[in-house]
Structures are given as structure tokens and as C-alpha cells.
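Contents: one structure, followed by commentary.
Letters A, B, ... mirror the listed sequences (proteins, then strands); counts begin at 1.
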Number of protein chains: 2
Amino acid sequence: MGKRKENSTNMLNESYITESCNLTYAVCKIGGRWKLLILCKLENGKLRFSELRNQIKGITERMLTLQLRELEKEGLIKRTVYAEVPPRVDYELTEIAKELVPIWNQLSNWGAKHKEILLSSVSSSI
Amino acid sequence: MGKRKENSTNMLNESYITESCNLTYAVCKIGGRWKLLILCKLENGKLRFSELRNQIKGITERMLTLQLRELEKEGLIKRTVYAEVPPRVDYELTEIAKELVPIWNQLSNWGAKHKEILLSSVSSSI
DNA sequence: TATGGTACTAACAAATTTGTAAGTAATGGG
DNA sequence: CCCATTACTTACAAATTTGTTAGTACCATA
């Protein structure tokens, strides 16, 4: 997001874990604060910058831009600029991103289940 | 990890996205630097603290402790302390964590594929 | 009495991510 | 000429995560 230091321990550790573990690698690709939310919004087709901004409560234009840029760099979304004024830009999932959709659904179901389990274990410990 | 501020925008945003999106929620549960690696190591059964430390290159005892504590709090691992000297503690996946395994495998495959695609698109652009 | 092994904790510092506030460019419409 | 609209950028500050270093307790053994 800001540039990273090139040889910080932090950086080296990240390289190590993403190189040695494809699972960690995969999760890192979608690991920014707003990325999954953005990808989910795009699941049903293209959206413009302003549409994303309006659909995602709380995100600032700066954050939206940053996350979109990273997603684009990682090949998960495709950005299309139309030569118009005022500008028009839209975003859509790439093929490889679409392959994530069924996995997301399972993860999402798992999340819902986990949420319930945590809730019930909390309330039972009162 | 250190305590978080209670009403920072950051914190409120995180609450919002994890409450409104189960997928984001799920990914947040496994979102620490070393968490997935730890969970993977535990996939084949219990491991002691020192075994984890030795199997995960680069992790410090502090980080290992922190990540284990969070995983425990989130109900993904179970910690067992034996009343011995020197101390013995082991960690294992909980049931709900085990349910993630098949999903991990898919994600991991996706990661491997994504890695290749990125590589080939980089080399073809030289 | 000194040493060793295990699983940690504490105080601090560095790196990274996220958020705030205020711009910018281009052009059509009034 | 002035304003509105869209999709951004820039400089900065705050929050959060990660890493460094040096401890701790316990008891068995040398």
C-alpha cells in the first residue's frame, strides 16, 4: 500500500510463508481489509468506481482505490476505462477470480456456522 | 494482539465488514501472519509448542504464542497443559477447524494455479 | 550450587496498514 | 467564466501488527 521495505524481517517472513504454503499465499491475495467485500460486490457483474463506493459503507475513496489497484495487480479484477468526461471506469472479476466463487461460498457457510458456535459458547459460559 | 482501541474508525469498520459478510468474517479468523501455517502443521495431529516452533522457520516464540492464543480464543485449536516439569503443552485442531480442511485444500490448489498464471503473465510480458 | 530444558511473558521498537483532509484534471452546461 | 461530476492523488497522522531482546518459573540432574 505504501511501499514496503525491501529486506525487513517482516517482508522476508512474508515471502517465506507465501512461498512455502500455497494456502497462505492464496489467503494473502485476498487479505486486505476491503478486498473480499469488493470482490463479492463484483460477483454479479461489472460495477463502476462510484457504485462500489456507494455499496460499501465506510470505505473511503483512497482505500477503495488502493484495494482496487492491488486486486488488479494480482490479476483478480479487470479495470476498464472509457474515454469520456466525466470519467467512467468499471471493474469486473477475472476468470481466475471467478474460480474462487464456489470456494468462497463454502468458506462463507463455515463462517456463519463458526459465528453461531462462538455465540452459543459465549452465552453458555455466562 | 496488543489491545485495540475500542472505537477507532478502524475497529468500527472491521466490525461492520465482519458482521455484514460471513466470508470476510471467516477470512479474518485465520488472518494473522502465521495462523494458517500453524493450522496446517496441526492438520496431522497434536504438536507441542516446541515442535511448532521448530517446524515454522522464522517464527519467534512471542509470535507463536500470540497466534496460538488467538486461535484458541477463536475456538480453532485446543490447548492442553500437562502438569509436568519441564512444562509440556500441546495443541490440536478443534472440530470446527477440521471442517476447514477440505476448503483449505481447494484454496491451496487455487493458490498454486494463481501463482503459475501470475508467473507466466509476468514472463510473457518481458 | 549451577545448569538445562520448556513454555512462556514483558517492555520496547520497527514496519505496515488504515484513515483524514484536501486537492486534481477534464469538459459540458448554465 | 463558473460550477458540477467522476475517478482518482497527495501528504500526513493514527492505529495495528510484527519483530527484538531479555527475562520468568519450575524442578531434575550434574
Side-chain angles (χ1 to χ4, degrees), chain A residues 1-18 24 28 30-38 46-72 77 79-91, chain B residues 1-18 24 28 30-38 46-72 77 79-91:
Chain A
M1 323 219 92
K3 276 101 193 189
R4 303 184 67 177
K5 280 218 163 173
E6 197 130 313
N7 281 310
S8 60
T9 304
N10 187 303
M11 177 54 151
L12 296 175
N13 279 340
E14 183 178 313
S15 301
Y16 162 65
I17 60 180
T18 55
T24 303
C28 279
I30 50 177
R33 161 74 43 105
W34 305 94
K35 281 187 194 166
L36 280 174
L37 221 45
I38 294 172
K46 298 182 180 187
L47 287 177
R48 302 180 58 164
F49 184 88
S50 54
E51 291 172 318
L52 284 168
R53 184 194 48 198
N54 295 334
Q55 288 186 27
I56 300 176
K57 175 185 138 192
I59 198 170
T60 61
E61 301 197 327
R62 172 182 147 75
M63 272 298 126
L64 182 52
T65 304
L66 281 175
Q67 304 275 291
L68 287 170
R69 289 290 177 280
E70 289 193 4
L71 287 168
E72 193 191 357
I77 60 175
R79 178 171 179 262
T80 309
V81 184
Y82 300 87
E84 298 176 4
V85 169
R88 183 158 66 98
V89 177
D90 62 31
Y91 297 90
Chain B
M1 323 220 94
K3 277 102 193 187
R4 302 183 66 177
K5 281 219 162 172
E6 198 130 312
N7 280 309
S8 60
T9 305
N10 188 303
M11 177 54 150
L12 296 176
N13 279 340
E14 183 177 314
S15 302
Y16 162 67
I17 60 180
T18 55
T24 302
C28 279
I30 50 177
R33 162 74 44 105
W34 305 93
K35 281 187 193 165
L36 280 174
L37 221 46
I38 293 171
K46 298 183 181 187
L47 287 177
R48 303 179 58 164
F49 185 87
S50 54
E51 292 172 319
L52 284 169
R53 184 194 47 198
N54 296 334
Q55 289 186 26
I56 300 176
K57 174 185 138 193
I59 198 169
T60 61
E61 301 198 327
R62 172 181 147 74
M63 271 299 125
L64 181 52
T65 304
L66 280 175
Q67 304 275 293
L68 287 169
R69 288 290 176 281
E70 288 194 6
L71 287 168
E72 194 192 357
I77 60 176
R79 177 169 180 265
T80 310
V81 183
Y82 301 87
E84 299 175 4
V85 169
R88 183 156 67 96
V89 178
D90 62 30
Y91 296 91

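Listed candidates were D:dG19, D:dC8, C:dT18. Nearest to the side chain of B:Arg62 is D:dG19. Among the nucleotides C:dC8, D:dT16, C:dA15, the one closest to the side chain of B:Lys5 is D:dT16. In the set D:dA7, D:dG19, C:dG19, D:dG19 carries the atom at the smallest distance from any side-chain atom of A:Thr9. For A:Arg79, counting side-chain heavy atoms from C-beta on, the closest listed nucleotide (D:dC26, D:dT16, D:dC8) is D:dC8. You'll find that the side chain of A:Arg4 is closest to C:dT16, out of C:dT6, C:dT16, C:dC8.
Here C:dC8 presents its C1' atom at 6 Å from CZ of B:Phe49, a figure rounded to the nearest Å. Note: CG (A:Leu64) to C1' (D:dA7) measures 10 Å, nearest angstrom. Going from atom CD of B:Glu14 over to atom P of D:dA14 covers 21 Å, rounded to whole Å. Atom C1' of nucleotide D:dA15 and atom CE of A:Met63 are separated by 12 Å, given to the nearest angstrom. Between A:Asn13 atom CG and D:dT18 atom P there is a gap of 10 Å when expressed in whole angstrom units. Computed from coordinates, the B:Leu12 CG to C:dG19 P distance equals 10 Å when rounded to whole Å. Residue A:Asn7 contributes atom CG, which lies 19 Å from atom P of D:dT18 at whole-angstrom precision. For the pair B:Arg53 CZ and C:dC8 P, the interatomic distance rounds to 11 Å; values are reported in whole Å.
Checking the phosphate oxygens (OP1, OP2) of D:dT6, no side-chain nitrogen or oxygen of A:Arg88 falls inside 4.0 Å. For D:dA7, the OP1/OP2 oxygens have a side-chain nitrogen or oxygen of A:Ser50 closer than 4.0 Å. Between B:Gln67 and D:dT17, a side-chain N or O to OP1/OP2 separation shorter than 4.0 Å is absent. Remark: A:Tyr82 is not in phosphate contact with C:dA26, judged by side-chain N or O atoms under 4.0 Å from OP1 or OP2. A sub-4.0 Å separation between OP1 or OP2 of C:dA14 and a side-chain N or O of A:Asn10 is absent.
Within the 4.0 angstrom heavy-atom criterion, only backbone atoms of the sugar-phosphate kind lie near B:Arg48; the bases stay farther away. Residue contacts shown for A:Thr65 include a base, since a base heavy atom lies under 4.0 Å away.
The nearest pair of heavy atoms linking B:Arg69 to B:Tyr91 is NH1-OH, 3.7 Å. Closest heavy-atom contact between B:Glu6 and B:Met11: O-CG, 3.5 Å.
Position along DNA chain C of the nearest nucleotide to A:Thr60 versus B:Leu68 favours B:Leu68 as the more 5'-ward residue. The nearest heavy atom of DNA chain D to B:Glu61 and to A:Tyr91 marks one nucleotide each, and the one closer to the 5' end goes with A:Tyr91.
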- Worked verdict on B:Arg4 versus B:Asn10 for side-chain contact (heavy atoms from CB on, under 4.5 Å): CA-CA 10 Å; B:Arg4 302 183 66 177; B:Asn10 188 303; 2.9 Å; yes
- Query: Under the side-chain contact (heavy atoms from CB on, under 4.5 Å) criterion, do A:Ile59 and B:Asn13 qualify, and how do the steps go?
  - Reply: CA-CA 8 Å; A:Ile59 198 170; B:Asn13 279 340; over 6 Å; no
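Rounding to the nearest 0.5 Å gives a distance of 9.0 Å between CZ of B:Arg33 and CE of B:Met63.
For B:Glu84, the CD atom counts as densely surrounded, since its 6.0 Å shell holds more than 12 non-hydrogen atoms of other residues, nucleotides or ligands.
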